[in-house]
K.L.:
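Below you'll find the structure I mean.
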Amino acid sequence: MSTPQEILQMIKDQGIQMIDLKFIDMPGTWQHLTVYYDQIDESSFVDGVPFDGSSIRGWKAINESDMAMVLDPTTVWIDPFMEEPTLSILCSIQEPRTGEPYARCPRVIAQKAVDYLKATGIGDTAYIGPEAEFFIFEDVRYDQTENKGYYYVDSVEGRWNSGREEVGGNLGYKPRYKEGYFPVPPTDTLQDIRTEMLLTMAKCGVPIEKHHHEVATGGQCELGFRFAELVKAADYLMTYKYCIKNVAKKYGKTVTFMPKPLFNDNGSGMHTHQSIWQDGQPLFWGDGYANLSQTALWYIGGLLKHAPALLAFTNPTTNSYKRLVPGFEAPVNLAYSQGNRSASIRIPLSGSNPKAKRLEFRCPDATSNPYLAFAAMLCAGIDGIKNQIDPGEPLDKDIYDLSPEELALVPSTPGSLELALKALEEDHEFLTAGGVFTPDLINTWITYKLDNEVNPMRLRPHPYEFALYYDV
């Protein structure tokens with residue numbers, strides 16, 4: 001279904017009474033409003049459904065709080081987690097008095113990035129394929145007060161539980177640290193829950209592909225879905241997160257996309273495949289390095305040049321930079337390579353198929369707002385193409401085996417969210433080109449992250465500081 005008329009007829013034919021309107025806030029969390037079916041008509045798909053935006057993070061002040069959710073008829077599915085049959089519809093936000101798209105709405109920004117691509121004449125379609133990793137835990141507890149601060153996570157698969165007494169006996173099948181990739185049951189205890197997660201995503205319209213256990217012990221997993229056009233890929237990723245969290249809850253488990261919830265094992269990333277097409281033809285295939293076109297190499301040049309600023313959107317949490325450290329398969333160094341997973345940009349195998357030619361930016365993680373992250377990456381790539389930015393020579397060696405002298409020549413990712421935000425403050429013209437990101441949005445993002453995440457973390461003692469300094 002793709003028209004308001006088809007949606008309204010479906011509601012009537014199936015006797016659906018409840019309509020759930022979902023939209024994404026600036027940091028990247030879905031919000032929703034459920035309305036009775038007679039509150040929706042054809043105008044809802046043009047003028048939107050009004051709501052108060054003053055309580056949405058990073059949006060309106062209370063004196064200008066009126067906003068409208070505009071329904072997208074191509075995003076409907078029956079919500080599998082609600083007892084009453086409920087139709088879910090994704091929305092973009094607009095100003096109700098002017099009818100203009102709201103400049104801080106992430107979904108609006110993603111669409112503007114695609115429109116900008118078309119306006120440049122470079123291409124007409126950007127395809128994105130994110131691979132979001134996550135952990136499934138059985139128990140999570142955390143707290144932070146004036147006199148205490150701690151976290152605790154646990155998984156029956158955690159190697160740290162190899163000596164624990166367990167109900168029915170400890171059977172000993174615990175993936176070793178850094179050896180959780182692809183084990184079969186009984187070591188992999190999460191096969192059935194991942195299958196249900198994947199099939200539930202399919203019921204919600206996500207084009208599914210695969211699922212598997214990931215490298216870390218303690219329940220690290222990944223589900224795969226087919227690449228899609230940029231905005232749709234972000235829609236699918238949000239549906240992915242919604243489905244797996246709710247399926248996990250059904251099993252009495254919990255899911256986190258935190259990049260580094262465990263010390264001393266691999267973290268969770270979101271390797272992001274991307275390519276540009278024009279008139280149904282791929283533009284990244286060519287006769288250059290790894291069968292890349294010159295357009296693709298310039299795109300890579302843009303990603304590498306702007307990566308420190310990009311990471312403010314693609315790796316937007318303080319925890320993100322605990323993943324981006326050497327030794328855990330994380331892409332710390334800004335280089336590109338065919339097949340080298342220690343490079344921040346990898347050129348996956350595509351055989352002789354031009355349509356499969358793409359690049360994989362390995363830095364991002366799934367704490368990012370996908371609409372902002374995908375839009376920012378596309379803007380960086382466009383800037384690289386427009387300005388013919390040379391990405392330099394590829395790095396086909398294992399970066400972690402380079403000598404200190406060789407490694408000193410390879411740029412690295414920022415070491416903290418604060419440094420990434422500083423890079424964004426100094427380098428954002430590639431984002432404001434074409435009006436995709438506004439200076440207001442960028443300034444709001446920097447201020448929000450500093451005030452709500454960077455500075456609060458700076459103010460609080462860390463538990464490990466007690467081990468280091470208490471008895472000094």
Side-chain angles (χ1 to χ4, degrees), residues 2-3 24 45-46 70-75 90-95 98-130 207 226-238 272-286 292-303 305-306 309-310 313-314 354-359 361 369-389 428-442:
S2 60
T3 69
I24 191 166
F45 297 83
V46 178
V70 180
L71 286 60
D72 183 341
T74 68
T75 64
L90 304 190
C91 303
S92 297
I93 308 303
Q94 74 178 21
E95 299 279 5
T98 65
E100 291 295 316
Y102 182 45
R104 292 189 190 177
C105 171
R107 202 165 185 268
V108 165
I109 292 169
Q111 184 58 56
K112 287 198 294 183
V114 176
D115 294 342
Y116 174 49
L117 172 66
K118 295 176 181 177
T120 64
I122 292 170
D124 56 28
T125 307
Y127 285 114
I128 302 290
R226 184 174 172 80
F227 68 90
E229 295 184 23
L230 189 148
V231 176
K232 186 61 71 175
D235 291 343
Y236 289 158
L237 184 63
M238 293 307 298
T272 305
H273 298 250
Q274 44 206 289
S275 63
I276 294 177
W277 291 46
Q278 175 78 17
D279 297 326
Q281 297 301 314
L283 300 183
F284 280 9
W285 175 269
L292 289 172
S293 66
Q294 183 62 66
T295 296
L297 290 167
W298 286 333
Y299 189 103
I300 291 171
L303 285 178
K305 175 182 178 180
H306 298 298
L310 266 183
F313 287 110
T314 63
K355 294 184 177 180
K357 181 53 63 179
R358 64 201 186 277
L359 61 90
F361 190 41
N369 183 321
Y371 300 95
L372 298 180
F374 299 165
M377 285 185 274
L378 179 59
C379 286
I382 291 173
D383 188 69
I385 296 169
K386 286 174 59 179
N387 293 293
Q388 300 185 4
I389 297 174
H428 57 254
E429 289 185 1
F430 72 99
L431 297 171
T432 56
V436 179
F437 288 74
T438 63
D440 168 73
L441 183 282
I442 292 170

K.L.:
Sequence neighbours left out, what passes side chain to side chain donor-acceptor pair (under 3.5 Å) with Tyr236? Give chain and number order.
P.N.:
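Tyr236 satisfies side chain to side chain donor-acceptor pair (under 3.5 Å) with no other residue.
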K.L.:
Partners of Phe437 by ring-ring contact (aromatic ring centres under 6.0 Å, His included), sequence neighbours excluded?
P.N.:
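ring-ring contact (aromatic ring centres under 6.0 Å, His included) list for Phe437, sorted by chain: Phe313.
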K.L.:
With sequence neighbours excluded, tell me which residues meet salt bridge (Lys or Arg N to Asp or Glu O under 4.0 Å) with Asp440.
P.N.:
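For Asp440, the residues satisfying salt bridge (Lys or Arg N to Asp or Glu O under 4.0 Å) (neighbours in sequence not counted) are Arg104.
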K.L.:
Name all residues meeting the side chain to side chain donor-acceptor pair (under 3.5 Å) criterion together with Gln111; count only those two or more places apart in sequence or in a different chain, and write none if there are none.
P.N.:
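Here the qualifying residues are Asp115.
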K.L.:
Quick one: side-chain contact (heavy atoms from CB on, under 4.5 Å) partners of Gln281, sequence neighbours excluded?
P.N.:
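For Gln281 there are no side-chain contact (heavy atoms from CB on, under 4.5 Å) partners, ignoring immediate neighbours.
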K.L.:
Using side chain to side chain donor-acceptor pair (under 3.5 Å) as the criterion, list what pairs up with Ser275, not counting sequence neighbours.
P.N.:
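With sequence neighbours excluded, Ser275 shows a side chain to side chain donor-acceptor pair (under 3.5 Å) to Trp277, given in chain and number order.
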K.L.:
Does atom CD of Gln294 have more than 12 heavy-atom neighbours, drawn from other residues, nucleotides or ligands, at distances under 6.0 Å?
P.N.:
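It does: Gln294 CD has more than 12 such atoms within range.
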K.L.:
Which side-chain hydrogen bond (donor to acceptor under 3.5 Å, both in side chains) pairs, counting each pair once, include a residue from residues 119-130, with sequence neighbours left out?
P.N.:
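Of all non-adjacent pairs touching residues 119-130, none passes side-chain hydrogen bond (donor to acceptor under 3.5 Å, both in side chains).
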K.L.:
Who passes side-chain contact (heavy atoms from CB on, under 4.5 Å) against Ala356, sequence neighbours left out?
P.N.:
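With sequence neighbours excluded, Ala356 shows a side-chain contact (heavy atoms from CB on, under 4.5 Å) to Ser350, Asn353, Arg358, given in chain and number order.
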K.L.:
Output all residues satisfying side-chain contact (heavy atoms from CB on, under 4.5 Å) with Asp72, sequence neighbours left out; order by chain, then residue number.
P.N.:
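With sequence neighbours excluded, Asp72 shows a side-chain contact (heavy atoms from CB on, under 4.5 Å) to Thr74, Thr75, Arg107, given in chain and number order.
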K.L.:
For Ala380, which residues count as a side-chain contact (heavy atoms from CB on, under 4.5 Å) partner, sequence neighbours excluded?
P.N.:
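Applying side-chain contact (heavy atoms from CB on, under 4.5 Å) to Ala380 gives Leu303, His306, Leu310, Phe430.
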K.L.:
Listed by chain and number, what are the ring-ring contact (aromatic ring centres under 6.0 Å, His included) partners of Phe361, not counting sequence neighbours?
P.N.:
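Once residues adjacent in sequence are excluded, Phe361 has no partner under the ring-ring contact (aromatic ring centres under 6.0 Å, His included) criterion.
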K.L.:
Measuring from Ile109:CD1 to Thr438:OG1, what's the distance to the nearest 0.5 Å?
P.N.:
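It comes to 6.5 Å.
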K.L.:
Tyr299: which residues meet the ring-ring contact (aromatic ring centres under 6.0 Å, His included) condition with it, sequence neighbours left out?
P.N.:
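Testing Tyr299 for ring-ring contact (aromatic ring centres under 6.0 Å, His included), a comparison that skips the adjacent residues, returns Phe284.
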